[in-house]
Amino acid sequence: MVGEEGAFVLGWDEVLTDEELSVTLKVLCMSEEEFKEYKEQDGWEDDSEEEENATLSNEALSRLKTPCKKLLYDSVLLTLESYGADLKTEQDLLNNKEAYEKLSRREQQALHVRYGQKRILHQLLELVQ
């Protein structure tokens, strides 16, 4: 269900790997009985075209069922914990010109990437609360 990296790709406005995330959430939020039935009926091919073609926009994410929201919320928290510093720390470093200039060019670029990733993850937290 998930690509080789085992990660989903999120953008500012939507999930870029929406099909993978949709199927994963659907399966992980099923009861054991629902999963057995889904698997026995080759449910992978029985989804409606509308469901398969629907993008997971930010609006759609905020309308997910509660179990799916909880699963996403907890997953985002775990992802954020894997970073060495929190969003505020990164923002403070970006705003501190003296400290920022002491970083190498590569460290500055990494800081911008991490900060952007964390902002997207925090946005997702707000959407699924």
Side-chain angles (χ1 to χ4, degrees):
M1 291 182 291
V2 181
E4 290 180 23
E5 291 85 33
F8 302 106
V9 181
L10 306 170
W12 283 111
D13 301 318
E14 65 187 17
V15 177
L16 303 176
T17 54
D18 56 343
E19 184 177 344
E20 292 90 342
L21 182 58
S22 293
V23 172
T24 301
L25 287 174
K26 184 176 186 175
V27 170
L28 291 176
C29 291
M30 287 180 178
S31 67
E32 185 176 346
E33 185 60 37
E34 289 171 323
F35 179 71
K36 284 180 185 176
E37 183 179 319
Y38 191 67
K39 193 173 160 186
E40 287 171 4
Q41 296 178 359
D42 289 329
W44 315 109
E45 297 173 14
D46 292 345
D47 290 339
S48 69
E49 282 186 36
E50 178 182 315
E51 190 174 305
E52 286 179 8
N53 295 326
T55 60
L56 279 177
S57 65
N58 288 348
E59 183 181 329
L61 287 169
S62 66
R63 292 190 318 255
L64 288 172
K65 293 179 181 175
T66 302
C68 292
K69 282 183 171 183
K70 172 102 174 84
L71 182 61
L72 267 177
Y73 187 87
D74 291 345
S75 297
V76 170
L77 287 179
L78 284 172
T79 302
L80 286 169
E81 286 176 10
S82 71
Y83 286 97
D86 63 5
L87 182 66
K88 177 155 179 18
T89 302
E90 304 281 31
Q91 188 172 22
D92 290 345
L93 184 53
L94 282 167
N95 292 332
N96 183 334
K97 187 176 179 178
E98 185 178 315
Y100 180 79
E101 289 177 353
K102 288 181 181 178
L103 299 174
S104 70
R105 180 78 176 129
R106 187 175 184 153
E107 290 171 324
Q108 291 173 355
Q109 291 171 338
L111 174 62
H112 284 281
V113 170
R114 285 191 315 271
Y115 180 71
Q117 290 171 339
K118 290 175 188 178
R119 286 192 53 213
I120 289 172
L121 290 171
H122 278 274
Q123 175 181 287
L124 182 55
L125 282 178
E126 289 178 20
L127 290 169
V128 296
Q129 277 186 340

Leu72 versus Leu21: any side-chain heavy-atom pair under 4.5 Å?
-> yes
Would you indicate whether the side-chain heavy atoms of Leu93 and Leu103 approach each other to under 4.5 Å?
-> yes
Can Lys36 and Glu32 be counted as an ion pair, charged N to O under 4.0 angstrom?
-> yes
Begin with the C-alpha distance, continue with both residues' side-chain angles, and end with the deciding distance and a verdict on side chain to side chain contact (heavy atoms under 4.5 Å, CB included) for Leu111 and Tyr100.
-> CA-CA 9 Å; Leu111 174 62; Tyr100 180 79; 3.9 Å; yes
Check: Asp92/Thr89 side-chain N/O donor and acceptor closer than 3.5 Å = no
Could you give me the CA-CA distance, side-chain angles and deciding distance for Gln117 and Val113, then say whether side chain to side chain contact (heavy atoms under 4.5 Å, CB included) is met?
-> CA-CA 6 Å; Gln117 290 171 339; Val113 170; 3.7 Å; yes
Solution key, residues 59-70 side-chain donor-acceptor pairs under 3.5 Å, sequence neighbours excluded:
residue	atom	partner	partner atom	Å
Glu59	OE2	Arg63	NH1	2.8
Ser62	OG	Glu59	O	2.7
Lys69	NZ	Ser62	O	2.8
Lys70	NZ	Asp74	OD1	3.2
Lys70	NZ	Asp74	OD2	2.7

Test item: Leu94 and His112 side chains (from C-beta on) under 4.5 Å apart, heavy atoms = yes
Side-chain contact test, heavy atoms from C-beta onward, threshold under 4.5 Å: evaluate it for Leu125 versus Leu80 and give yes or no.
-> yes
May I ask you to test the Ser57-Asp13 pair for a side-chain heavy-atom distance under 4.5 Å?
-> no
Measure the shortest side-chain to side-chain distance between Thr24 and Phe8 over non-hydrogen atoms and say whether it is less than 4.5 angstrom.
-> yes
Can you check whether Val9 reaches Val15 side chain to side chain, under 4.5 Å on heavy atoms?
-> no
For the residue pair Tyr83 and Glu90, confirm or rule out a side-chain donor-acceptor distance under 3.5 Å.
-> no
